[in-house]
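Order of the sequence lines fixes the chain letters, A, B, ..., with proteins taken first and strands second; residue numbering starts at 1 for each chain.
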2 protein chains.
Amino acid sequence: MAIADRKLREKTERRQAILDAALHLFIEQGFEKVSMRNIADAIEYSPATIYLYFKDKNELLLDLQTQSFKQMAQELNAVANIEHPAEQLRAFGEQFLSFAFRHPELFELMFIMNGPMVAAQACAGATAWPGGGSAFAQVVAIVQRGIDTGVFRPQNADSTALMVWAQVHGLAALFLRQRLVVMPEERREPAMHEALAQFYDLVRRAL
Amino acid sequence: MAIADRKLREKTERRQAILDAALHLFIEQGFEKVSMRNIADAIEYSPATIYLYFKDKNELLLDLQTQSFKQMAQELNAVANIEHPAEQLRAFGEQFLSFAFRHPELFELMFIMNGPMVAAQACAGATAWPGGGSAFAQVVAIVQRGIDTGVFRPQNADSTALMVWAQVHGLAALFLRQRLVVMPEERREPAMHEALAQFYDLVRRAL
DNA sequence: AAATTTAGTGAACAGTGTTTATTATCTAAC
DNA sequence: GTTAGATAATAAACACTGTTCACTAAATTT
């Protein structure tokens with residue numbers, strides 16, 4: 001069935017073309033300023049065509065979110081070979097922040113926007129979130145290794161990982177959502193990195 | 001000029017009536033499902049009337065945000081009389097989380113939404129954010145007192161305060177934005193409180 | 001009593017996400 | 001090779017959104 005194969009291939013190609021165009025627009029102009037019609041214009045199709053490939057806008061966003069998580073996972077692999085767990089956590093945090101700064105729109109999609117999560121919970125059961133799941137598992141693994149090797153004191157690895165995740169997410173989210181206007185412009189980025197350094201100092205001293 | 005006084009009073013009263021109606025709707029139905037027309041319906045005025053009292057929707061949101069910060073400040077006063085700085089920080093964190101859980105819409109308005117910050121930066125200079133400013137100052141004050149009394153090791157109080165703020169904000173934001181679906185439903189709230197407890201354990205041991 | 005300021009509105013504009021009836025095209029069976 | 005049927009794409013519409021503006025009616029001042 002060569003014809004059916006080609007049809008399927010073309011279908012997934014067009015689907016990916018829509019995703020690519022959408023991501024481009026979102027990154028360039030931000031999520032608030034890009035509509036389904038804009039995306040349709042960019043790929044030179046009718047708006048209704050997009051709905052042949054995606055149930056709705058949220059599903060499109062979820063697909064982009066999953067792609068973004070893959071990209072982040074790839075970038076976070078840079079910390080995979082650091083032996084000391086505390087040092088590895090520190091590197092992870094800085095890599096995470098760096099990702100958030102270099103790709104603010106992707107960060108928003110992955111950790112702030114509601115749309116993709118609505119789609120995730122609609123399509124799968126209440127517990128399935130492929131992208132975020134593996135990202136969090138990465139943190140849990142680092143913490144667990146720290147506990148297993150006796151570097152960290154015994155603890156619930158998942159709540160410790162949550163503490164780490166909340167710390168880095170909190171810093172990035174407060175900054176990207178303009179909540180650091182409480183401090184003078186020139187102090188914002190330095191204070192973030194100092195806060196992160198202090199946090200990992202606490203981890204190294206007392207975890 | 002008794003008439004002018006009455007007019008001014010009526011004007012601010014109607015303005016507050018709009019804010020009250022809007023807040024009610026937002027809390028009940030969420031920000032995404034409430035439009036300017038819905039608010040106008042609730043107060044039995046035309047949509048255009050709202051624009052006689054607010055420049056645009058963002059300005060209305062900013063006013064509600066400022067009110068919300070006042071409410072939170074009031075609730076956070078419960079921790080004002082705790083002597084030990086580390087214990088005070090812990091109580092602050094739990095009070096903060098409690099507020100976020102009891103008033104998820106207000107939390108969203110204060111710490112996540114873009115709209116109010118757009119209005120804030122439009123009406124004032126790039127550094128004015130009355131609501132958030134005093135909230136953050138409260139954390140800085142606790143930390144500073146800890147440093148001054150020799151309980152905490154000397155540090156930049158603002159970056160330490162940022163670390164604390166990011167921790168509690170991160171936990172609340174991840175939860176409220178459905179990012180804790182990575183763990184089983186029954187673990188989510190417990191893991192949050194464990195993470196917070198671990199964080200303040202680190203603070204007590206090593207700050 | 002007339003002129004003027006003020007408060008409020010209906011209707012419109014340009015945009016949004018989404019659905020549906022309709023058309024054109026490409027595939028499969030006779 | 002022609003006809004019946006699946007597939008792909010669309011134009012047009014629906015019910016919304018935030019916002020503006022010409023216009024009316026009432027209250028105040030002269």
How close or far is atom [atom2] of [N] from atom [atom1] of [X], stated in whole angstroms?
| X | N | atom1 | atom2 | value |
| --- | --- | --- | --- | --- |
| A:Arg15 | D:dA8 | CZ | P | 14 Å |
| B:Arg9 | C:dT6 | CZ | P | 18 Å |
| B:Ile39 | D:dT17 | CD1 | C1' | 12 Å |

Distance (rounded to the nearest 0.5 Å) between A:Gln95 CD and A:Glu75 CD: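 Interatomic distance, A:Gln95 CD to A:Glu75 CD, rounded to 0.5 Å: 6.5 Å.
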Interatomic spacing from CG in A:Leu61 to CG in A:Asp56 - rounded to 0.5 Å: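 Output value for this atom pair is 8.5 Å.
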Over 12 non-hydrogen atoms of neighbours within 6.0 angstrom of CD in A:Glu13: yes
A:Phe101 ring center within less than 6.0 Å of A:Phe175 ring center: yes
Exercise: do B:Gln16 and B:Asp20 side chains pair donor with acceptor under 3.5 Å: yes
A:Arg187/A:Glu194 salt bridge by N-O under 4.0 Å criterion: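 Between A:Arg187 and A:Glu194 there is a salt bridge, with a charged N closer than 4.0 Å to a carboxylate O.
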Interface with DNA chain D, restricted to residues 104-115 of chain A and to heavy atoms under 4.0 Å: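 None, since no heavy atom is under 4.0 Å.
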Whether B:Phe136 and B:Trp165 hold their rings parallel, tilted or perpendicular, with breakpoints at 30° and 60°: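 Tilted: the ring planes of B:Phe136 and B:Trp165 meet at 30° to 60°.
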Aromatic ring pairing B:Phe111/B:Phe96, orientation class (parallel under 30°, perpendicular over 60°, tilted between): tilted
Reading 5' to 3' through nucleotides 7-18 of chain C, protein heavy-atom contacts under 4.0 Å coded B for base, S for sugar-phosphate only, - for none: SBBB-B---BBB
